[in-house]
There are 2 protein chains.
Amino acid sequence: MKITAFTVDGVPMIKEGDDLAEILAGLVKLEDDDIVVFAHTIVSKAEGRRYFLGDIVPTPRAEELARLNNEDPRFIQHVLNNSTKILMRHPLLVETVWGNVCINAGTDRSNTESGYILSLPEDPDRSARRLRDRLFELTGKRVAVIITDTNGRSFRVGQIGVAVGCAGIAALRDRRGDKDLFGHELKITIQAIADEAAACANMLMGEADEGTPIAIIRGYQYLKDDRGIKPSFRTDEEDIVKKALLEMVEREERAQKAIAHGERPSGVARP
Amino acid sequence: MKITAFTVDGVPMIKEGDDLAEILAGLVKLEDDDIVVFAHTIVSKAEGRRYFLGDIVPTPRAEELARLNNEDPRFIQHVLNNSTKILMRHPLLVETVWGNVCINAGTDRSNTESGYILSLPEDPDRSARRLRDRLFELTGKRVAVIITDTNGRSFRVGQIGVAVGCAGIAALRDRRGDKDLFGHELKITIQAIADEAAACANMLMGEADEGTPIAIIRGYQYLKDDRGIKPSFRTDEEDIVKKALLEMVEREERAQKAIAHGERPSGVARP
């Protein structure tokens, strides 16, 4: 199998209301089955997911977590507004309202004006479907769309591109039951194709001031479905790491409360 | 930036002692700065990292973990022999002797004959350096080498390709201090390039009986160094997930011991 992958040159600074599909269609000639990868930052901007810190009033909870993380309490309040669970207090690892697990709910201060912060799209799978449909409308080409963010990993330093939303591509390729070279059934293998494609694209897009927030992967044979990235999120029941982290947060908060009430639990240093 | 990536056709079944570099050099014309990605399975086989289960005598500890995982105790004993820490008992997530964290220490029963198991290379960075040097010797081309495995992830279903060893490419690209589009300093950004390249290659190589264990990424501009993948491993001190998991394993084992001694700790079901 052979693919080409390339970044799209000439993408302008994106602002709220911009039609990303139209911009892209004007810059590159798409082909059927291209995988079009958008960095979430430009999707978030086009969708108006930019917030002014001055509008946010932090709760005491946000102020406490802000002290722990040496962060602006209003920034942390915004993260909490977009989260359902805290899995780590420092750094602030959360489960977002739509199910992705990431630091600061993916909220970003980079690549936006001072005083503003940028959230992930409200529903990145929906954003991906809309981009895919609009690209078809404009070009007649049936492409897949992936929206990426960069996430850290357990056990390993550094960040890689991951898919936060997708459309027209099956995020997971279930190979259980397939045979290996010796005819044995593969034991566990669900290949996370959308995340591998996101990593591939992110390798090209980089992170900083290159300003190449769109990449295209061409020539890859992928399964098509429209379930988005959501099937990639582990359920609480099957997620042992999440369980261990939730228990740790609970212990930490219990210890902190005990300190606040004047007790001194053994083994826990006074902050 | 534009890259091409392709799998190498015609790689034969690999056995102990095979010269992978020579085989590859006979199949494809390499270019300077190619990133040559080998699935660890063929590197492991060439290096004789295949073990006969019948030769392994399990300890009681291996038998206990084997029951928990519905596995062959000899297989589990082999995993323990190659591990320094248990981070999860079921599935058996360990830190390997050379520092990578993965399920079953990367030991595999797929893609090998019945009754045999296959370990990761003893030192995958060294294996990568040797392949890189041998390829230079044979072809005069200066390439980078990455050796991959597929690993599961926290919070997400499915597996992706990761680098278990590399040579001639900086695994991490430290962008701290770089500026974003608005001239702000990027807050945290160490890009895990070798892992992104591994994911890209794995997307093409697949998992099952395709028999395409070598892929080449061409045209990518990368930083060069020879520190291998080891700088990617988080230290114990900075790894909060590892800490939470180690604590969980300790609690579980304490509870189990209590049960073995006839006590019945509250909230822990008798197995």
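All chains are named by letter (A, B, ...) in the order of the sequence lines, taking the proteins before the strands, and each is independently numbered beginning at 1.
- Minimum interatomic distance between B/L245 and A/F155 (heavy atoms only, all atoms of both residues): CD1-CZ, 3.8 Å.
- When side chains are defined from C-beta on, A/T150 does not count as touching B/T189, because their heavy atoms never get closer than 4.5 Å.
- Rounded to the nearest 0.5 Å, atoms CD (A/E196) and CD1 (B/I160) are 6.5 Å apart.
- With values rounded to the nearest 0.5 angstrom, B/S154 atom OG is found 11.0 Å from A/N151 atom CG.
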request  = Go through A/M248 and B/M248 one step at a time and tell me if the side-chain contact (heavy atoms from CB on, under 4.5 Å) criterion holds.
outcome  = CA-CA 9 Å; A/M248 187 174 66; B/M248 188 173 64; over 6 Å; no

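- Rounded to the nearest 0.5 Å, atoms OG1 (A/T7) and CE (B/M1) are 7.0 Å apart.
- Atom-to-atom distance recorded for A/D9:CG and B/K2:NZ is 11.5 Å, nearest 0.5 angstrom.
- More than 12 non-hydrogen atoms from other residues, nucleotides or ligands lie less than 6.0 angstrom from NZ of B/K85.
- When each of A/M203, A/R153, A/Q159 is paired with B/D195, the side-chain contact (heavy atoms from CB on, under 4.5 Å) condition holds for A/R153 and for no other.
- Using a 4.5 Å cut-off between heavy atoms, A/I216 does not touch chain B at all.
- With values rounded to the nearest 0.5 angstrom, B/C200 atom SG is found 4.5 Å from A/I3 atom CD1.
- A/Q191 and B/N202 make their closest contact through NE2-O, 3.1 Å (heavy atoms, listed as atom of the first residue, atom of the second, distance).
- Contact of B/I240 with chain A is made through backbone and side chain together, with heavy-atom distances under 4.5 Å.
- Within the 4.5 angstrom heavy-atom criterion, atoms from both the backbone and the side chain of B/A197 approach chain A.
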Could you go step by step and tell me if B/V101 and A/R156 meet the side-chain contact (heavy atoms from CB on, under 4.5 Å) rule? CA-CA 9 Å; B/V101 172; A/R156 287 196 171 214; over 6 Å; no

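- The candidate from A/S232, A/A201, A/G158 with the greatest count of non-hydrogen atom pairs under 4.5 Å with chain B is A/S232.
- Within the 4.5 angstrom heavy-atom criterion, no atom of A/R218 approaches chain B.
- Ranked by heavy-atom pairs under 4.5 Å with chain B, the first of A/A171, A/A163, A/P91, A/P231 is A/A163.
- A/E247 places none of its side-chain heavy atoms less than 4.5 Å from the side chain of B/E247.
- Contact annotation for A/Y220: only side-chain heavy atoms (C-beta onward) come within less than 4.5 Å of a heavy atom of chain B.
- The contact between A/N100 and chain B is made entirely by side chain atoms (from C-beta outward), counting heavy-atom distances below 4.5 Å.
- Only the side chain of A/E238 comes within contact range of chain B, with heavy atoms under 4.5 Å apart.
- Other residues, nucleotides and ligands place more than 12 heavy atoms under 6.0 Å from the CZ atom of A/R251.
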